[in-house]
Amino acid sequence: MTEQEAMQRVLQPTSDPAWVLNVDGYDPLRESSIESRFAISNGFLGIRGARAASRGARWVVPARTYVAGLFDVSGTEHATPGLVPAADWLRVRFLAAGEPLLLHPGDVSSHRMTLDLRRGALLSRGSRLKAPELGLHAQTLRLVSLSDRAIGLQLIQLEVESGAIDVTIEASFEGVELGLIADRLDQDLGVWRTAQSGKHLAMASEPSLQIDGRVQPPTTLGKLTWSWSWKCRPGQIVCFQRFVAVVRSDIPDTDPGREARDRLQGALHLGWSGVFAAHEAAWTKRWHHSGVEVDGDAAAQRALRFAIYHLTSAANPADESVSIGARALTGDDYHGHVFWDTEIFLLPFYVLTWPEAARALLMYRFHTLPAARAKAARMGWRGALYAWESAATGAEMTPEEVLGPDRQVIRILCGTQEQHISADIAYAVWQYWHATGDDGFLLEAGAEILLETARFWASRATLEADGRCHIRGVIGPDEYHEHIDDNAYTNVMARWNIRRALDIAAALRERWPACWTALAGRLRLDEAELKLWRSVADTLIDGLQPTTGLFEQFAGYFGLEDIDLAKYAGRTVPMDVVLGRERTQQSQVVKQADVVALLGLLPEEFKGETAAAANFRYYEPRCSHGSSLSPAMHGLVAARMGDTEMALRFFHRTADIDLADTQVATDGGIHIAALGGIWMLTVLGFTGLSLRDDGIDIDPHLPGDWHSLAFRVQWRGRCLKISIDQDRQIAEPTLEAGEPMMFSVRSKRHELRQGAGLQVSTAHP
């Protein structure tokens, strides 16, 4: 196969339309959202899905390139550190007789951009660049390698349709001083540094051009600039390829340029086809472990593949110094900061399909533990209080003020009052250890996180005259209500955090006494303090009303104005804008799942057969879903309760946040936590999957149109595939790797072994 034929093959997207996302033509109102939706990433490098061809000088905007962990501040007073965009290495310009060929918005009726979900590549086809004496048909591909995360690849194939004229192709870097300070700009290498955070970035690149299969040497060379000139003729095939190697260094006064050049040489040795093949193989492996197959609902299948594509794109198991921001590497909303979203909405996917990625994300929290300790101490408490918004160091990055929708300045209290983040991280640590049995992680990092967050809660709670411990002046997940007392979510999660820390202390003493002695000594943790923790956990107010079985969201919540949200159906702005902030705060309107989130994470806290349903039915009508996180959590709980019709509505509502063509909600990046929520709703909700000490249990409630559902999960070194056939009412688990384990359907246990088929009835009694 010739080079030209090989390139033509990879420029064609996956043939199965269920694996691709297309957009035709050009719509300026939706272009920014499309760039987010069509972004490509590998957890280290992220590139927004900007169009490949220039539309003329007034339309040119560099394709934003983001590098995980590349944070800096602007230098202005009280500036918020954020992700700094790197130079756009994809810039290509075409000239005919010295004049640029332009792709105007009115000329793109035949243009199609395709996100190939299976192969993790962005392609464009049907682009035509025209001049009075020349016509070119262009096809492009770009990717950032999932096999070698430092490497990016750009391919362009041009067919000369008409004209015999002098043509020039210029390849360059755009925005070389967009947010970084250039230390070196050589012909093939750029090295930059951040203004204040002490980070360095190197980008090495080498493009090449072939015309009808023959290599064309560059006509001119400059600093990160190459150009080729020749006289074209109809029928000519031009193949352009460019590699880039990107290296980030977090050590001050270092030059990562040599490593970038070395990584580039490795890619050049493989050639573009070798780089593409390794990338494609890496994606095939990830889809094998994390894919979810739905039969009977094409829209749901599409939503799940889109979600899993971006979840896979967001993680980098090789880097423990970074986590996943609220928009991953697809946009700069929230400055790339990390929230509770990562632990609560993303970790379940990684824990059960990609444990190496989950471990790296939790190690980021371990490495930022010193900053969490410092925040707690600064506020007068002990232990570790994690930042509500975290960046490179784990220091608190939440801005103190923002402009509201009415252009009024609003004080932001989340950085000091939204403290449930520490319990959320402890929850994720426990779930990872419980699912993986990774004792090495527990001893190295997990135990210390659990103990230090428990220490925080024990110091944060105050014993009062009623003989109960209270936590006052907080914000729960429902951010419409600030400076509240005894938030049920916060307090119950805090109590759970303390009790799991006590369990870990006991386990360390029994199984790893030397480790316990060393850790307790380093933390100055003695039996008297552990006794205090037990007392706090036993006396902490949780908001449960014994007569009704309802958890009061916070002290005094039931006395607030009860507003019927059904009267505001069809609104296009959040409820706090409709009602005003003051009235909203004095009402029972909830921004997002709060008690419902507690029900989703700790269902065992809701005692009795009707307690869960009673709490869900009370709070669900009062939730305005002012956060993209909320619908998926409600859907998860509804699915577990067997209300599949409601759960499916929440599923599609969540999917529409990023996928609906009628919404322009993703200008600043895709909503990665909502995408994690889609997977949670499906695997933990519709299948009712839960983890036990000896295996996995399911309690399926599939939507009526879903004939079957199949997926893989990992549990303590085992890999198993679970297929649920709703039409035949059976589950077929297959142990593909690992020692025998137990597989249960609604607590009815069956031993599962490799090579032994198993069919289990899922019919409800």
Side-chain angles (χ1 to χ4, degrees), residues 41-47 64-75 79-87 89 144-145 148-152 176-185 189-204 244-264 314-329 332 334-339 342 356-357 359-375 386-387 389-397 444-445 449:
S41 177
N42 60 19
F44 172 65
L45 281 175
I47 303 171
R64 284 290 176 113
T65 299
Y66 296 104
V67 178
L70 193 66
F71 289 99
D72 199 29
V73 295
S74 65
T80 301
L83 275 179
V84 182
W89 55 275
V144 287
S145 174
D148 183 347
R149 288 179 169 80
I151 302 301
V176 292
E177 295 183 358
L178 192 62
L180 299 167
I181 299 169
D183 279 347
R184 293 171 57 193
L185 291 177
L189 175 71
V191 179
W192 296 265
R193 58 185 165 87
T194 57
Q196 297 190 33
S197 63
K199 296 179 181 292
H200 287 77
L201 184 74
M203 302 177 77
V244 67
V246 182
V247 175
R248 186 197 79 229
S249 174
D250 300 337
I251 303 173
D253 302 320
T254 59
D255 182 352
R258 173 178 289 184
E259 183 181 351
R261 278 181 168 147
D262 289 345
R263 301 294 285 271
L264 177 64
N316 179 8
D319 192 349
E320 296 178 353
S321 69
V322 301
S323 187
I324 300 174
R327 296 293 185 263
L329 294 175
D332 55 12
Y334 299 103
H335 309 288
H337 294 169
V338 181
F339 292 76
T342 305
E356 300 86 353
R359 192 185 202 278
L361 292 169
L362 291 173
M363 288 302 295
Y364 163 82
R365 293 299 193 180
F366 177 68
H367 295 315
T368 57
L369 191 55
R373 288 190 179 106
K375 179 181 176 181
Y386 278 93
E389 296 189 32
S390 181
T393 66
E396 183 59 70
M397 296 295 161
E444 179 185 357
I449 293 174

| task | List for me each residue that meets side chain to side chain donor-acceptor pair (under 3.5 Å) alongside H367, sequence neighbours excluded, and say none if there are none. | result |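 For H367, the residues satisfying side chain to side chain donor-acceptor pair (under 3.5 Å) (neighbours in sequence not counted) are E320.
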| query | For S321, what residues pass the side chain to side chain donor-acceptor pair (under 3.5 Å) criterion, not counting sequence neighbours? | reply |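 Per chain and number, S321 pairs via side chain to side chain donor-acceptor pair (under 3.5 Å) with R248, D319.
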List the residues meeting salt bridge (Lys or Arg N to Asp or Glu O under 4.0 Å) with [X], not counting sequence neighbours, and say none if there are none.
X    : value
R193 : D183
E356 : none
R184 : D186, D255

| task | Please identify each residue that fulfils ring pair (Phe, Tyr, Trp, His ring centres under 6.0 Å) with Y334, with sequence neighbours left out. | result |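 With sequence neighbours excluded, Y334 shows a ring pair (Phe, Tyr, Trp, His ring centres under 6.0 Å) to F339, given in chain and number order.
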| said: The criterion is ring pair (Phe, Tyr, Trp, His ring centres under 6.0 Å); which residues satisfy it with H200, sequence neighbours excluded? | reply: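 Residues passing ring pair (Phe, Tyr, Trp, His ring centres under 6.0 Å) with H200: none at all.
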Out of curiosity, [X] [atom1] to [Y] [atom2], how far, rounded to the nearest 0.5 Å?
X    : Y    : atom1 : atom2 : value
L83  : D332 : CG    : CG    : 8.0 Å
I47  : N42  : CD1   : CG    : 8.5 Å
I181 : Q196 : CD1   : CD    : 9.0 Å

For [X] and [Y], work out which heavy atoms get closest and say how close.
X    : Y    : result
P81  : V73  : CG-CG1, 3.0 Å
A245 : A260 : CB-O, 3.3 Å
I324 : A314 : CG1-O, 3.6 Å
K199 : G69  : CE-O, 3.0 Å
A387 : A395 : CB-O, 3.7 Å

Sequence neighbours excluded, which residues qualify as side-chain contact (heavy atoms from CB on, under 4.5 Å) partners of [X]?
X    : answer
L180 : L70, V84, W192, T194, L201
A391 : F71, H337, M397
T368 : Y364, R365, Y386
E259 : V247, R263

Strictly distance-based, threshold 3.5 Å: is any side-chain N or O of [X] a donor or acceptor partner for the main-chain N or O of [Y]?
X    : Y    : answer
D72  : A195 : yes
S390 : V338 : no
S145 : R149 : no

| message | I'd like to check L45 versus V67 (side-chain heavy atoms, cut-off strictly below 4.5 Å). Are they in contact? | response |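 In contact.
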| So do V144 and F44 actually touch side chain to side chain, heavy atoms under 4.5 Å? |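 Not in contact.
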